[in-house]
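Here is how names work: the chains are called A, B, and so on, in the same order as the sequence lines, proteins then strands, and each is numbered from 1.
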Number of protein chains: 2
Amino acid sequence: MNMAAPITRLRGETVTLAHGGGGRAMRDLIDEIFVAAFRPDAMEDQARLTHAALAKPGARLAFTTDSFVVTPLEFPGGDIGTLAVCGTVNDLAAGGAEPLWLSASFIIEEGMPFATLRRIVASMVREAAAAGVRIATGDTKVVERGSADGLFITTSGVGVIRAGRDLRAERIREGDVALVNGVLADHGATILAARGDLMVSTDIASDCRPLNGVMEAVLAAAPNARAARDATRGGLASALNEMAETAGVSVELDEAALPIRAEVKGVCEILGLDPLDLANEGALVVFVPTDEAESALAAMRAVPGGEDACAVGRAVTRGPVPVTMRTAFGGARIVDMLVGEQLPRIC
Amino acid sequence: MNMAAPITRLRGETVTLAHGGGGRAMRDLIDEIFVAAFRPDAMEDQARLTHAALAKPGARLAFTTDSFVVTPLEFPGGDIGTLAVCGTVNDLAAGGAEPLWLSASFIIEEGMPFATLRRIVASMVREAAAAGVRIATGDTKVVERGSADGLFITTSGVGVIRAGRDLRAERIREGDVALVNGVLADHGATILAARGDLMVSTDIASDCRPLNGVMEAVLAAAPNARAARDATRGGLASALNEMAETAGVSVELDEAALPIRAEVKGVCEILGLDPLDLANEGALVVFVPTDEAESALAAMRAVPGGEDACAVGRAVTRGPVPVTMRTAFGGARIVDMLVGEQLPRIC
């Protein structure tokens, strides 16, 4: 990769198949859109990385990946680039890892405007800076018009889990309290609205944001925190069902405690959707022992992204179903895992 | 992920949008196609990894990523899964890293037959075993019919570079010898033929294979090896142009020495293609000092994938162009970097 490439070689306004060919045009695209944004020294064909934390006794490496296929590419509160960085950072954070490095691989449909690509890359740079991670390596492929819908981004993340940290759903015990860091279902509702699937206009925005700061705050305040999950595709319902099944407990939610905007509830009622199934991109669910719940909540509320933190339920003896909810009217209902398709390409 | 899922839940014969929804159908797809193949303990949402080599003083982490969009998905000598594993393993190996772990993320078009997916996943398992790497984490997304062409796979790789290893194009010196491990241009010619773009039928097969064994053999025999590259998209021509430019030398190739099948040369003549631009998926180019060239060649020839190793040229004083070739008739021609599009979706 020629690091000193002038910003003048990229011709036209859109990506062509030539930009995927492995030759000079591809190098120009990479230099002028990606390397220029991610900094010349920050995106190599192969990154060679060192970090003192990796060499510490007992440290483990965390490794995760996600592909992003959201449509539309840009929406209130973010874009596919925001998601691609936050999604992978949050996966790492929820596992108790300090996120260090990301890779970013782009599958671009011929005809994609350079301007859109530049905006999305700028979002990635901003979110990576906010999360304190480095986009260390990448790839681009270009496919013919009609062979992909605009742009898909796959990020992988590498982080380090300090010795002694052991967040796993298996560790959840009866009595543990389930905390969330903030308002639920905004991302799903935003994408619905952005697609024009709603007849009403809303001012909801995606909750997409990096959560490693919130997670570090929780772990400092609640050293015996059991497990965490970022409740993305499938929403809080799927995250809790998986955790409950793995832990061999049931989870009882308190409907009155769930932080969901009235506007989002209204939209869900009209469309027959359960807000607990709607995707989040900035929502963590963390199980902590009862005696650490208050301090964990206070710690979350003190950091950006955790202002609306609250307790939403608790782990109880394993019952006939993994997750139930006490309704505002005193009843109880099953909160099942999402079955079938709800909203394709939500992230 | 429920590791004890029975192999009976996946209904129908093809992937539907429900398999991307984040709920139960997605879990069934992941359990029965991916986890079942990659082993229950080998593919987690987030892998937590330890390796003694990472903690050794001076060791560096290597991190790389590539998206694969090849069409057709299956071709003589391999499939998109073979490419996805070998491509990332070879990227790591060419940088002097020992490949350890891969991530694999799948973007699947609605309607993809489960049977095709299973064959491709089986190829990945086989190549990962051959390379001695573990597929440690993954993701799946499903997009609507027409929004992606069948299947795209993105792999990322993590490896460890031992202390003291320093393979970089900057280290190439005048006089150094360029070695390749085997026959060139087979992959590109195979994909051309598989698309029916050739009127002739051929029995060429892709050279796709993991090269970490070849690379270790070279490094053992030629401790002062300067730099290596896997000559994929853009072929040997693009790899050498990039290396020469980075090193500030020129490279002189010897046409008579280039290992290219007569059949592939013939195809290229008919179509007006330069075999040096054709993609390889199992070709390394390595620069070594003159006095280590013979031992490096002998070492390559002794391991699988290196049987046809040969010297193809050498680094010379920087001239007006980065790469030239002495032709069989005693002339010389410029070997330029691929300009524009040659074969879209070759890998």
Side-chain angles (χ1 to χ4, degrees), chain A residues 2 16-18 20-25 45-50 54-55 57 60-67 69 91-92 95 101 103-107 136-139 141-144 146-149 152 154 156 158 161 232-235 238 242 245 279 337-342 344-345, chain B residues 1-2 16-18 20-25 45-50 54-55 57 60-67 69 91-92 95 101 103-107 136-139 141-144 146-149 152 154 156 158 161 232-235 238 245 279 337-342 344-345:
Chain A
N2 179 354
T16 66
L17 285 177
R24 206 168 288 282
D45 191 42
Q46 181 191 132
R48 295 143 196 242
L49 306 162
T50 50
L54 276 178
R60 284 172 299 164
L61 191 88
F63 187 23
T64 183
T65 193
D66 262 306
S67 287
V69 298
D91 251 9
L92 291 171
W101 303 295
S103 66
S105 195
F106 299 81
I107 297 174
T137 185
D139 182 48
K141 291 288 186 307
V142 180
V143 299
E144 322 87 298
S147 290
D149 186 16
F152 301 143
T154 301
S156 299
V158 171
I161 305 171
T232 56
R233 245 188 318 176
S238 288
E242 286 198 4
E245 282 184 22
M337 206 165 170
L338 180 60
V339 178
E341 168 239 339
Q342 187 201 45
R345 301 181 59 189
Chain B
M1 218 174 270
N2 180 353
T16 66
L17 285 176
R24 206 169 290 280
D45 191 41
Q46 182 193 130
R48 295 143 195 241
L49 306 162
T50 50
L54 275 177
R60 283 172 300 164
L61 192 87
F63 187 24
T64 183
T65 193
D66 262 305
S67 286
V69 298
D91 250 10
L92 291 170
W101 303 294
S103 67
S105 194
F106 299 81
I107 298 174
T137 184
D139 183 47
K141 291 289 186 307
V142 180
V143 299
E144 322 86 299
S147 290
D149 186 15
F152 302 144
T154 301
S156 299
V158 170
I161 305 171
T232 56
R233 247 189 315 176
S238 288
E245 283 185 20
M337 205 165 169
L338 180 61
V339 177
E341 167 239 339
Q342 187 201 44
R345 303 183 58 191

Original post:
Where do B/Leu17 and A/Arg345 land on the side-chain contact (heavy atoms from CB on, under 4.5 Å) test, with the steps shown first?
Top reply: CA-CA 9 Å; B/Leu17 285 176; A/Arg345 301 181 59 189; 5.9 Å; no

**OP:** Kindly determine whether A/Thr65 and B/Thr154 satisfy side-chain contact (heavy atoms from CB on, under 4.5 Å), including the steps that lead there.
**Re:** CA-CA 9 Å; A/Thr65 193; B/Thr154 301; 5.8 Å; no

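- Every side-chain contact (heavy atoms from CB on, under 4.5 Å) that A/Ser238 has, sequence neighbours left out, goes to A/Met337, A/Leu338.
- Closest of all the heavy-atom pairs between A/Asp139 and B/Ser67 is OD2-N, 2.9 Å.
- Residues that satisfy the salt bridge (Lys or Arg N to Asp or Glu O under 4.0 Å) test with B/Arg60, not counting sequence neighbours, are absent from this structure.
- Ring planes of B/Phe152 and A/Phe152: tilted class, angle from 30 to 60°.
- Of all the listed residues (B/Leu54, B/Val143, B/Ile161, B/Thr232), the one sharing the greatest number of non-hydrogen pairs under 4.5 Å with chain A is B/Val143.
- Judged purely by distance below 3.5 Å, without hydrogens or angles, the side chains of A/Ser103 and B/Ser156 pair a donor atom with an acceptor atom.
- For chain B, the option among A/Asp149, A/Leu61, A/Thr16 with the highest count of heavy-atom pairs below 4.5 Å is A/Leu61.
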